[in-house]
There are 2 protein chains.
Amino acid sequence: MSRRNRPGSGRITLGDVAEHVGVSKITVSRALRQPDKVADPLRQRILDAVDALGYIPNRQAGSLASARTHAIALLVPSLSNGVFSDVLRGVDDIVQDTGYQVLLGHSGYSLQEEEHLVSTYLGYGVEGFILPSGQHTDRTLSLLSRSGLPVVEIMGLSDTPIDMSVGLDHEKAGYSMTQALIEAGFQQIGFGGARMDYRARQRHQGWQRALREAGRRDDICMTTTRPSSFRFGGALLNDMMTRWPSLDALFMCNDDLAAGALFECQRRGILLPDDLALAGFNGMDITASTEPALTTVMTPRRTIGQEAARRLLARLEGDSSLSSSLDVGFEIAWRASTTRTRR
Amino acid sequence: MSRRNRPGSGRITLGDVAEHVGVSKITVSRALRQPDKVADPLRQRILDAVDALGYIPNRQAGSLASARTHAIALLVPSLSNGVFSDVLRGVDDIVQDTGYQVLLGHSGYSLQEEEHLVSTYLGYGVEGFILPSGQHTDRTLSLLSRSGLPVVEIMGLSDTPIDMSVGLDHEKAGYSMTQALIEAGFQQIGFGGARMDYRARQRHQGWQRALREAGRRDDICMTTTRPSSFRFGGALLNDMMTRWPSLDALFMCNDDLAAGALFECQRRGILLPDDLALAGFNGMDITASTEPALTTVMTPRRTIGQEAARRLLARLEGDSSLSSSLDVGFEIAWRASTTRTRR
DNA sequence: ATGAAAGCGCTAACAT
DNA sequence: ATGTTAGCGCTTTCAT
């Protein structure tokens with residue numbers, strides 16, 4: 001067919017299709033991208049040839065020529081954490097069928113790795129970023145700002161946003177849950193945390209503020225920066241019950257820890273909520289299924305993904321009608337793990 | 001600085017750096033990619049300029065010129081399923097610091113979407129694929145075979161592998177677990193499933209074969225193709241207990257279902273394992289933490305990711321010393337949920 | 001409605 | 001050790 005014999009990938013190119021049909025490359029390009037600009041019968045012949053030859057456009061070349069990649073980067077701390085897969089689903093909801101492509105990166109909760117990802121994806125020519133609010137390295141900030149690309153920070157709400165922002169106030173959420181526990185009559189309210197990232201620390205601060213404002217002790221707290229797990233939730237429960245036997249409510253900074261603590265209570269015969277009240281954070285599915293069901297703070301993660309993607313795409317399409325900052329709020333799901341039937 | 005004013009992305013290019021330093025583009029390129037080929041002092045000046053100007057190489061251009069992307073695609077059915085994030089971690093273990101980049105795609109358990117992803121990533125010029133074994137559309141197969149790229153099928157073991165394969169025999173694993181339950185003395189062993197993908201169906205077949213070989217009834221089974229969840233595990237338990245009150249062991253096709261069923265048992269006062277034995281599949285963390293702990297089939301998912309990546313990279317580097325097919329095996333974690341202390 | 005020429009930013013191959 | 005030339009595969013002008 002083709003008389004050429006390039007050293008390249010050996011793949012079929014636009015030129016091969018053009019040659020096959022007997023038209024110029026640009027006509028094939030048009031037939032694919034702006035079908036109405038090519039006469040019907042010719043376009044059909046071209047599409048047939050594309051199919052017959054198995055032509056797949058080389059995006060590198062396309063992007064290079066057009067200076068557009070139609071790719072956006074979604075950076076998350078972790079992909080094993082269900083919280084972020086929900087966000088991803090939201091982003092997909094919106095990006096699907098827009099012609100944009102989502103490049104996913106996970107930093108493993110490392111700011112250094114996040115910086116590396118930003119740099120890498122800039123090299124890939126992404127047209128915008130969605131990444132967690134909170135801390136970033138100076139270089140991350142400078143890379144983003146130099147790039148001039150739209151950025152949406154998600155999950156939290158930033159006082160000093162890089163650009164746009166979609167999330168909720170974790171300090172306020174931690175405060176609200178703690179206050180709810182206070183109002184429910186619990187006396188010694190502890191806080192347990194793992195993987196204390198930016199937002200987990202904010203929840204902790206909310207817990208502390210609520211206790212202080214109520215004149216309660218705010219020292220019943222154990223946290224670690226190590227990863228969160230069911231197992232560690234159980235360990236945390238044991239350690240805290242040993243150190244503060246009079247503890248009567250425990251607010252865990254995420255649902256995994258809360259569920260792990262719940263399991264440990266079952267194991268030890270600690271009755272929830274009469275011996276101890278237990279609350280989590282995020283409203284993961286598991287919290288609705290355990291026995292007793294776990295009280296938790298519901299966070300609309302899929303909505304966060306959707307609204308973040310919506311804003312990013314709007315900006316890329318030159319639409320600036322959307323607010324650049326959105327508080328998606330939260331809701332406390334008060335369930336059996338904190339509901340005492342008798343005192 | 002630069003007197004040019006291109007319509008392009010406005011980004012700093014190799015040429016800008018070269019001009020700034022007063023050398024040719026290729027020297028800058030070398031200084032970055034083959035540092036030892038550029039004299040020390042000059043290289044330092046170049047690196048300084050790169051830093052000062054904030055130059056980030058354009059990968060599209062680089063790939064286009066070199067016909068190499070150093071990118072591989074990892075396709076998984078779902079990213080909310082913890083099973084696959086473990087695989088991803090394994091892949092990362094190996095790919096990290098090799099200069100290769102992992103492009104992640106999730107098909108939502110849709111073969112059509114998988115095909116679309118393969119096509120998309122071929123357009124991105126990936127140099128290899130890691131994807132779930134099992135069914136693929138004809139076009140997926142033809143795209144892959146035409147591409148000539150190395151492919152590793154993971155999770156399951158294929159009779160007719162596309163290329164390479166790393167996983168375990170899910171039929172055998174289902175068989176083994178069922179046989180273990182039979183040997184433990186359980187009489188009416190049911191199977192519950194959701195999201196019945198290729199591998200879940202194999203587990204089901206293993207369950208059935210074990211029962212048939214033992215001359216037991218093999219009709220105590222409820223499955224759905226809808227997504228799996230804790231909630232559905234509970235519903236399944238209820239439905240099955242209603243329909244088959246004499247059921248004394250339930251093998252769930254994954255740990256989420258098993259955990260959901262366990263919670264429902266706690267709710268209904270069904271004692272595990274004396275009233276009912278419960279087993280899951282995968283060995284997710286939760287199984288070790290529940291009360292009682294859940295018997296499950298441990299699958300070395302991180303290893304699968306590692307070995308798959310190892311094989312793919314080896315092939316890309318021209319090394320063919322590794323076996324093209326690897327059975328990573330499985331292990332039954334026999335725990336309290338199936339261990340009767342008395343009969 | 002279709003085409004020709006030029007060039008995106010980089011690297012391979014071949015100089016020097 | 002450094003430079004020159006050509007070209008990757010596509011899209012953007014600007015023609016016709």
| Using a distance-only test with no angle check, is there a side-chain donor-acceptor pair under 3.5 angstrom linking B:S325 and B:S323? |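 On atom types as modelled, these side chains do not qualify, holding no pair under 3.5 Å.
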| Going by distance alone, is a donor N or O of one side chain under 3.5 Å from an acceptor N or O of the other, for A:E317 and A:Y100? |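 Judged by distance alone, the side chains do pair up.
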Send over the distance from [X] [atom1] to [N] [atom2], rounded to a whole Å.
X      : N      : atom1 : atom2 : result
A:N58  : C:dG9  : CG    : P     : 16 Å
B:L64  : C:dA12 : CG    : P     : 12 Å
B:I56  : C:dC10 : CD1   : P     : 11 Å
B:K25  : C:dC8  : NZ    : C1'   : 10 Å
B:Q60  : C:dT11 : CD    : C1'   : 15 Å
B:I26  : D:dA6  : CD1   : C1'   : 12 Å
A:Y124 : C:dC10 : OH    : P     : 15 Å
B:R68  : C:dA13 : CZ    : P     : 13 Å

| task | Please tell me which of the listed nucleotides, D:dG3, C:dA4, D:dC8, lies nearest to the side chain of A:S24? | result |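 Taking heavy atoms from C-beta onward, the closest nucleotide is C:dA4.
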| task | Go through C:dG9, C:dG3, D:dG3 for me and flag the one nearest to the B:V23 side chain. | result |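 Between C:dG9, C:dG3, D:dG3, the one nearest the side chain of B:V23 would be D:dG3.
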| said: Short of 4.0 Å, heavy atom to strand atom, which residues of residues 27-42 of chain A count as contacting DNA chain D? | reply: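 Under 4.0 Å from DNA chain D: A:S29, A:R33.
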| task | Could you check B:A65 against B:R43 and say which one's nearest nucleotide on DNA chain D is further toward the 5' end? | result |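 Taking each residue's closest nucleotide, the earlier one in sequence belongs to B:R43.
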Lys/Arg-Asp/Glu bridge criterion (N-O < 4.0 Å) met for [X], [Y]:
X      : Y      : value
A:D92  : A:R89  : no
B:R199 : B:D197 : yes
B:D16  : B:R11  : no

Does the side chain of [X] get closer than 4.0 angstrom to OP1 or OP2 of [N] through an N or O atom?
X     : N      : value
B:Y55 : C:dC10 : yes
A:T13 : D:dG9  : no
A:S66 : D:dT11 : no

| field | By side chain to side chain donor-acceptor pair (under 3.5 Å) - contacts of B:S85 (at least two apart) | value |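 Checked B:S85 against side chain to side chain donor-acceptor pair (under 3.5 Å); zero matches.
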| With A:E307, which residues qualify under side chain to side chain donor-acceptor pair (under 3.5 Å), at least two apart? |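 So A:E307 forms a side chain to side chain donor-acceptor pair (under 3.5 Å) with A:R310, A:R311.
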Atom pairs and distances, donor-acceptor, side-chain atoms in residues 30-37 of chain A, under 3.5 Å, two or more places apart:
from: A:R33; atom 1: NE; to: A:S29; atom 2: OG; distance (Å): 3.2
from: A:R33; atom 1: NH2; to: A:S29; atom 2: OG; distance (Å): 3.2

Would you be so kind as to tabulate the donor-acceptor pairs closer than 3.5 Å made by side chains of residues 44-55 of chain B, with sequence neighbours excluded?
from: B:Q44; atom 1: NE2; to: B:D48; atom 2: OD1; distance (Å): 3.2
from: B:R45; atom 1: NH2; to: B:V21; atom 2: O; distance (Å): 2.8

| End axis versus end axis in the helix from C:dA1-D:dT16 to C:dT16-D:dA1, the angle rounded to 10°, five pairs used at each terminus |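 The end-segment axes of the helix from C:dA1-D:dT16 to C:dT16-D:dA1 are tilted 30° relative to each other.
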